[in-house]
There are 2 protein chains.
Amino acid sequence: MMLQEQRHQKIESFLKQQKAVKASELAALLDISIDTVRRDLEVLEKNGIVKRVHGGAILTQKSDNVLNRLFNEREVKNLEKKQEAASIAIELIEEGQAIALNGGTTTIEIAKVLVDKFKRLTIITNDLRILSILGKNKNFNVILTGGFFNPEEYTLYGKQCEEILSNFNIDIAFLTVNGLSLEHGLTDFRMHEVGVIQTMISRTRHKVVVADSSKFETSSYINVCPLKDIDLIVTDSSLPSNTIEEYSKKNIRILSPH
Amino acid sequence: MMLQEQRHQKIESFLKQQKAVKASELAALLDISIDTVRRDLEVLEKNGIVKRVHGGAILTQKSDNVLNRLFNEREVKNLEKKQEAASIAIELIEEGQAIALNGGTTTIEIAKVLVDKFKRLTIITNDLRILSILGKNKNFNVILTGGFFNPEEYTLYGKQCEEILSNFNIDIAFLTVNGLSLEHGLTDFRMHEVGVIQTMISRTRHKVVVADSSKFETSSYINVCPLKDIDLIVTDSSLPSNTIEEYSKKNIRILSPH
DNA sequence: ATTAATCTTGCATTAACACGCAAAACAAAA
DNA sequence: TTTTGTTTTGCGTGTTAATGCAAGATTAAT
């Protein structure tokens, strides 16, 4: 016989692949009675992992965030490129400035560099992972936006989040989005993050998008803003020079380590 | 017979491979009684290595929780008493209510109980440790106040923090303070926390102070509010009955498990 | 409307548990 | 070595939690 927690984990991971499962199926698969399956599903439902239906259970939308999983996988893939872009981006910063960082794996890399390279900064963010990195430097004035908690991304969002941002005059915002293209501008699939990015843009003097080269000429579901609304794009060395030229023709500045 | 330390190491390394074990398994494997296994697991749990479950134990995955990694868990004083008070306090809550929890080790214990006992709640807090606990339940609507980050306490404070609080109508606030006495009322030494507590009180219908018995008739540097501003004090079973009577004479209600 | 499958509820059985106690193992002092 | 005190361990006690089964209720499908 297996431990409860183990079964719960197995059921959850099974559902992440199958979307739906019959109770009788699970009983056979885990070699337990159907009653125990029901009780397990009951617990998982209480924690918001699954939704129980007649005959079995389905994943809740919150747990079924396929896009998030893709996003997380990509993070590992382009880590070096993000680090490269991050190290370029921080050269725009001067000691003592007020910086904004929205949620995302690229901005996390920026935060890591900031901690070591600067003495005194004010940084506002809606990402708890960034907060945990910046918290190590006691000289930094770190401000976290409030708002609703997104446990998948460890970010905050919503009206309260944006309201706090509106209280600040930010020198530089480093923004990460999921896609950027000449045609669609900045785009993202993170429904809740879009509003945060837009608010940061509206409160900031220098709007800088930091994007590794793989993001160029891709687009996602939700429009954030046209490229003309931002001042600069910082990227890594792998971006083809003809892309830089194309963008330059449309008066979009790109900074890359060449 | 093996030394304690050796067993602990063996159990730990075994768990690192298997991620879960049954207590009976360990007893057979290490050739010790099941009682000793339980005692070993008890120690390992206190050190945060494993999580004990019915039938055995599972490895705590600190690495997969960004927030947990940040929290170097300090020794908590009077933990059992706080847990006792917490379990009483949650009986005041009804499903679906909006709860506020300010920063503190006692409210952390409340959060731990909430996750298991309730299905749907809205919870607002300024404590990141509480956020990380509540994030596990996907049905909860968790709101974090924004504001300046206090890396010592993992809490948020300041004007922005209090402004967000003012947007909400809270059903019950569970408040922890450093001292409470008939003479000075609620007091605290956490300079930044005081404003948060006061704001929570002003936005809440039922103001409940949760304090283990050691806090009674002690006071700290900063005044938070007089006792008459709160509706109820919840505490543990170690509070002397004459203290309860004294408070009752002044119309201060105390709830304790007797 | 009828049937078959699934669900809920309560209950009995079993395993796991906490607690107290005494024997055993160990360590320190005489 | 012996004595004394402390810690660790294993066992018996009653208690709690998990599981599977059964009976009646509910749902979905024909």
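By convention in this document, chain letters (A, B, ...) are assigned in the order of the sequence lines, proteins followed by strands, and residues within each chain are numbered from 1. All values below come from the heavy atoms of this structure, side chains included, with hydrogens, waters and symmetry mates left out. Note that the coordinates shown come from a computational prediction; the quantities given were computed from them, not determined experimentally.
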Sequence-distant partners of His8(A), side chain to side chain donor-acceptor pair (under 3.5 Å), two or more places apart: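 Only Asp40(A) meet the side chain to side chain donor-acceptor pair (under 3.5 Å) criterion with His8(A).
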Helical bend (five base pairs per end, nearest 10°) for the helix from dA1(C)-dT30(D) to dA30(C)-dT1(D):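 Result, rounded to 10 degrees: 40°.
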Is a donor from one side chain sitting under 3.5 angstrom from an acceptor on the other, for [X] and [Y]?
{"X": "Glu217(B)", "Y": "Thr243(B)", "result": "no"}
{"X": "Thr125(A)", "Y": "Asn102(A)", "result": "no"}
{"X": "Thr155(B)", "Y": "Asp127(B)", "result": "no"}
{"X": "Asn126(A)", "Y": "Glu193(A)", "result": "yes"}

Length of the CD-C1' vector between Glu45(B) and dC17(C), whole Å: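 Taking CD of Glu45(B) and C1' of dC17(C), I get 13 Å after rounding.
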Atom-to-atom span, NZ of Lys51(A) to P of dC7(C) - whole angstrom: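 Taking atom P of dC7(C) as the reference, NZ of Lys51(A) is at 13 Å.
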Aromatic plane relationship, His192(A) with Tyr157(A) - under 30° parallel, 30 to 60° tilted, over 60° perpendicular: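 Parallel, since the angle between the ring planes stays under 30°.
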Ile11(B) side, atom CD1; Leu59(B) side, atom CG - distance, nearest 0.5 Å: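 Output value for this atom pair is 12.0 Å.
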Protein proximity profile, nucleotides 18-30 of chain D - base contact B, sugar-phosphate-only contact S, no contact -, cut-off 4.0 Å on heavy atoms: SBBBB----SS--
Any Arg38(B) side-chain nitrogen or oxygen under 4.0 Å from OP1 or OP2 of dT8(D):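 No, because none of the side-chain N or O atoms of Arg38(B) sits under 4.0 Å from OP1 or OP2 of dT8(D).
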Arg38(A) and Glu42(A) ion-paired at < 4.0 Å: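 Salt bridge between Arg38(A) and Glu42(A), a charged N being under 4.0 Å from a carboxylate O: no.
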